[in-house]
Visitor: 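Sending over a structure as structure tokens; questions will come in a sec.
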Amino acid sequence: KFIYQVGDGISSLLILMYTIFVESDENKYKIFFIEEPENNFHPGFQRLFINMITYYKEFEKCIFIITTHSNHLIDIGNRENKNAKIFLCKKESNIVFIK
């Protein structure tokens with residue numbers, strides 16, 4: 001199949017992972033900011049995404065900062081990646097709390 005023949009979820013995953021593969025460097029630390037990767041991702045693709053950024057040797061020096069509203073994605077990340085740090089941020093009366 002051609003890329004334009006696949007669904008939005010696969011297209012989004014390919015575009016996101018292509019960028020990470022191209023920009024990652026085994027010799028330098030890289031930081032990636034990813035906003036709500038669960039958009040357009042089937043739960044199976046969410047797991048695939050977390051597994052790829054967790055277990056691929058090429059990403060050992062990569063730091064991923066991910067924002068999400070998905071409990072499913074948080075649960076997967078917490079189970080699969082033992083180095084994951086999860087922060088809850090919420091705003092109350094113009095004050096931001098981070099737990």
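Remember, it's a predicted structure, so these values are computed and weren't measured experimentally. Counting begins at 1 with the first residue of the sequence.
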Visitor: Taking atom OG1 of T54 and atom CD of E60, what is their separation to the nearest 0.5 Å?
Guide: 12.0 Å
Visitor: Atom CD1 in I10, atom CZ in F45: separation rounded to 0.5 Å?
Guide: 4.0 Å
Visitor: If you count every heavy atom of other residues, nucleotides or ligands that lies below 6.0 Å from Y55 atom OH, does the total exceed 12?
Guide: yes
Visitor: Tell me whether I65 is reachable from M52 by hopping between hydrophobic residues (I, L, V, M, F, W, Y) whose side-chain heavy atoms are closer than 4.5 Å.
Guide: no
Visitor: Just so I know, are the side chains of I63 and F32 near enough to count as touching, which here means a heavy-atom distance under 4.5 Å?
Guide: no
Visitor: Of all the heavy-atom pairs spanning A84 and G77, show the shortest one and how long it is.
Guide: CB-O, 3.9 Å
Visitor: Are side-chain heavy atoms of F49 and I66 found at a separation under 4.5 Å?
Guide: yes
Visitor: For the CG atom of D75 and the OG atom of S70, what is their distance to the nearest 0.5 Å?
Guide: 8.0 Å
Visitor: Output the distance between atom OG (S12) and atom CD (E38), rounded to the nearest 0.5 Å.
Guide: 11.5 Å
Visitor: What's the shortest heavy-atom distance between L73 and P37, and which atoms?
Guide: CD2-CG, 3.5 Å
Visitor: Could you tell me whether H42 atom NE2 has more than 12 heavy atoms of other residues or ligands within 6.0 Å of it?
Guide: no
Visitor: Between K30 (side chain) and D25 (backbone), is there a donor-acceptor pair under 3.5 Å?
Guide: no
Visitor: Kindly compute the distance separating CZ (R47) from CD1 (I76), expressed to the nearest 0.5 Å.
Guide: 4.5 Å
Visitor: Considering non-hydrogen atoms only, spot the tightest contact between N27 and K61 and give its length.
Guide: O-NZ, 3.8 Å
Visitor: In this structure, which one of L14, I20, I15 forms a side-chain contact (heavy atoms from CB on, under 4.5 Å) with M17?
Guide: I20
Visitor: Under a 3.5 Å cutoff, is there a donor and acceptor pairing between the side chains of E35 and T67?
Guide: no
Visitor: Nearest 0.5 Å, please: how far is CG in N71 from CG in N78?
Guide: 11.5 Å
Visitor: Would a line drawn from the ring center of F21 to the ring center of F59 be shorter than 6.0 Å?
Guide: yes
Visitor: Specify the closest pair of heavy atoms between E26 and K57, including all atoms of both residues, with the distance to one decimal.
Guide: OE1-NZ, 3.2 Å
